[in-house]
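Below is one structure, written out as structure tokens; the observations come after it.
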Protein chains: 2
Amino acid sequence: MAGVSVATASKALNERGSMMPQTRERVQAAARALNFRPNAMARALVSQRSFTLGLLTNDTYGRFTLPVAAGLSEAMVDRGVSVFLCAIEDDPERARVNLDAMQEKCVDGLVLAGKRVDRALPLDLSGLSLPVVHVYSARPPGGIGFEPDDEAGAALAVAHLAGLGRRRIAHVTGPVGFAAVPMREAGWRRALAEAGLSPFGEPLSGEWSEDFGFRAAGLLFGPETGPERPDAVFCGNDQIARGLMDALALMGVGVPDDVAVVGFDNWEIFAQATRPALTSVDMALKEVGRQAGLTILDMIDGKRVEPGTRRLPCRLVVRRSCGGAGG
Amino acid sequence: MAGVSVATASKALNERGSMMPQTRERVQAAARALNFRPNAMARALVSQRSFTLGLLTNDTYGRFTLPVAAGLSEAMVDRGVSVFLCAIEDDPERARVNLDAMQEKCVDGLVLAGKRVDRALPLDLSGLSLPVVHVYSARPPGGIGFEPDDEAGAALAVAHLAGLGRRRIAHVTGPVGFAAVPMREAGWRRALAEAGLSPFGEPLSGEWSEDFGFRAAGLLFGPETGPERPDAVFCGNDQIARGLMDALALMGVGVPDDVAVVGFDNWEIFAQATRPALTSVDMALKEVGRQAGLTILDMIDGKRVEPGTRRLPCRLVVRRSCGGAGG
DNA sequence: ACAACCAAAGAAAACGGTTTCCTTGGTTGA
DNA sequence: TCAACCAAGGAAACCGTTTTCTTTGGTTGT
């Protein structure tokens, strides 16, 4: 110690109370010399805030959760908040155990992250008095949710295609049961309308797979197709786009010359693997995680936060597959 | 309260000390009625153990880290231990900030997870008096590391091919700079030797990409190739296998009839997308995370743990691409 | 010269548990 | 009958901070 009481030391280090500058100096110097680190737990005990958040996710595969978690963790560490990771795997029992653990660890708030915006995590939140935000998953009435704005993202992609002069823009997408499907379709329709274009037929709805993209290419460009063929395809995800482009290559249809292709997800591993590289809508999930974190901090601070779902903007990553300026 | 002192209550709930069974009952009933949760922080303060671990990772993409993290988190939650996730992104400054945060939060131990077994995380661990294990990353001398046993995994794959009657087994793999490359190559050589076979040429070393796999197919099966062609290819990862199989399809080489293909990583999204589905070596990263966690708990308990790298067994996931019994 | 005030620093309580030690009263054995 | 012992439960210290309240001594105003 620097010859002062703990009370003085505490004030000196936290810039609180009034004291002689030289005393403050002396304490801080001593702290530095001792490599002193305040014990966050003791601090939490008295302040009733642990500066800790829980992240519960059922997305083992990590395609959605990991960017969200990274964005959350990054934004939080700057504010002295750390994030517990809980993998619950769609198992209600495991979810409960993890939720209990989070309560015992006195987290200040909870982020619930899923892999489908229209499915809730298998958690019973009733009787829980913690701030909670729902990310990329369904929220209960009155809850607070964060998602990418799929509709706007889709519109972004389609508007880009229209801006490049494409006129017959088809849409190949996933199963109708997914909420993302109608949202992305709505964006497609809106952007077409705004560009004065008509939809090229109805969207082709199948699975979120390369295989379906491959088959969809046959439906759109195969021999039994009528004279009217699309000059662009907006795909519901990158896997579909990948399969579609593989099929187009086999059919001798040139990308982007004959047809432009845009995907959704900007999953690097797919977007970079297609020939040419795939233009795709990036859901900016890191930013989603960031915003979710900042919002939950506001809630912890007692600020009033409007219930509802926030849809955050996507951005278009332009590569070669849509022609024009890109790449 | 159930009419007893806090001391008695504590003992009742922790099954400690001696007391009348009915007193214990009464306290536990009261605890249940009040939905009582012991405050982990207060407990940590006195016991000097936070039942908390830090997971620092530079693998933003999550391909390696997420399974490790899930395995770790799962194994730990059963033991009342929670895991902080810290995304450090190869940035030494961010690494330091997160490390400081973990020290302030009084974690009982640290798991450092990377995305390359031959690279250490950008962290200065000197002067750190915490148990640390290194997962899928380089460890300092005397440190404790966990990795999949690439050599044995590769041997598993090649032995399987040999067992199916394949005799001319080629190897297409990643850049020589990666430690995984010589390890997998060694497994290939060992399994060949054990089966009484010779290597089919030297391994083709390139990038970990579909594109390289595609080109490698040309080198192995192209028109300028000699009369001897492989009847099996063991690929250094699934992306290479995917590119190779795409090329084979274009070249009219049948899989698995003309040539069997095996990949490495068992990355579902690739392994399932190939036609036919890809047999691949699964690194069992969840188990790696589990073991790393259990070991660090041992270290926390003061048990002596041998320094060195533990290589955990891989398993072969058999699908159609290698013919034989699979799928 | 003395009351009033103020800045600086320390004492002590609090946070929510665990643990050590002590008290109480009943039972046992000589 | 009395010492010795034991089980049950309570009092209090402790973990490492923050915060409130108190003390101390110097300065100001009259």
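As the structure is a computational prediction, the values presented were derived from the model and not from experiment. Chain A is the first sequence line, chain B the second, and so forth, proteins listed ahead of strands; every chain is numbered from 1.
Surrounding CZ of A/Arg37 are more than 12 heavy atoms belonging to other residues, nucleotides or ligands, all under 6.0 Å away.
Residues forming a side chain to side chain contact (heavy atoms under 4.5 Å, CB included) with B/Pro140 (at least two apart in sequence, or on another chain): B/His134. For A/Thr52, the side-chain hydrogen bond (donor to acceptor under 3.5 Å, both in side chains) criterion is met by no residue, not counting sequence neighbours. For A/Gln22, the side chain to side chain contact (heavy atoms under 4.5 Å, CB included) criterion is met by A/Met20, not counting sequence neighbours. The side-chain hydrogen bond (donor to acceptor under 3.5 Å, both in side chains) test applied to B/Ser50 returns B/Asp108, not counting sequence neighbours. Under the side-chain hydrogen bond (donor to acceptor under 3.5 Å, both in side chains) criterion, A/Asp301 pairs with A/Arg49, sequence neighbours left out. A/Phe51 meets the ring pair (Phe, Tyr, Trp, His ring centres under 6.0 Å) test with no other residue; sequence neighbours excluded. Residues passing the side-chain hydrogen bond (donor to acceptor under 3.5 Å, both in side chains) test with B/Arg116, sequence neighbours excluded: B/Asp118. For A/Phe146, there are no ring pair (Phe, Tyr, Trp, His ring centres under 6.0 Å) partners, not counting sequence neighbours.
Following rounding to the nearest Å, A/Glu25 (CD) and C/dA8 (P) show an atom-to-atom distance of 15 Å. Taking atom CD on B/Glu15 and atom P on C/dT19, their separation rounds to 14 Å, with Å as the unit. The distance between atom CZ of B/Phe51 and atom P of C/dT18, rounded to the nearest whole Å, is 11 Å.
Overall bending of the helix from C/dA1-D/dT30 to C/dA30-D/dT1, expressed as the angle between end axes built from five pairs apiece, is 60° (10° steps).
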For nucleotides 6-8 of chain D, list the nitrogen or oxygen atoms of the protein found under 3.5 Å from its nitrogen or oxygen atoms, one pair per line.
unit_1: D/dA8; atom_1: OP2; unit_2: B/Ser18; atom_2: OG; d: 3.2
unit_1: D/dA8; atom_1: OP2; unit_2: B/Met19; atom_2: N; d: 3.4

Under 3.5 Å donor-acceptor pairs involving side-chain atoms of residues 72-86 of chain B, not counting sequence neighbours:
unit_1: B/Ser73; atom_1: OG; unit_2: A/Ala87; atom_2: N; d: 3.4
unit_1: B/Glu74; atom_1: OE1; unit_2: A/Arg94; atom_2: NH1; d: 3.3
unit_1: B/Glu74; atom_1: OE2; unit_2: A/Arg94; atom_2: NH1; d: 3.0
unit_1: B/Glu74; atom_1: OE2; unit_2: B/Lys286; atom_2: NZ; d: 3.1
unit_1: B/Arg79; atom_1: NH1; unit_2: B/Ala75; atom_2: O; d: 2.8
unit_1: B/Ser82; atom_1: OG; unit_2: A/Lys105; atom_2: NZ; d: 3.4

Q) Could you run down nucleotides 10-17 of chain C 5' to 3' and tag each one B, S or - for protein heavy-atom contact under 4.0 Å? A) BBB--BBB
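The phosphate of D/dT18 (OP1 or OP2) has no side-chain N or O of A/Arg16 nearer than 4.0 angstrom.
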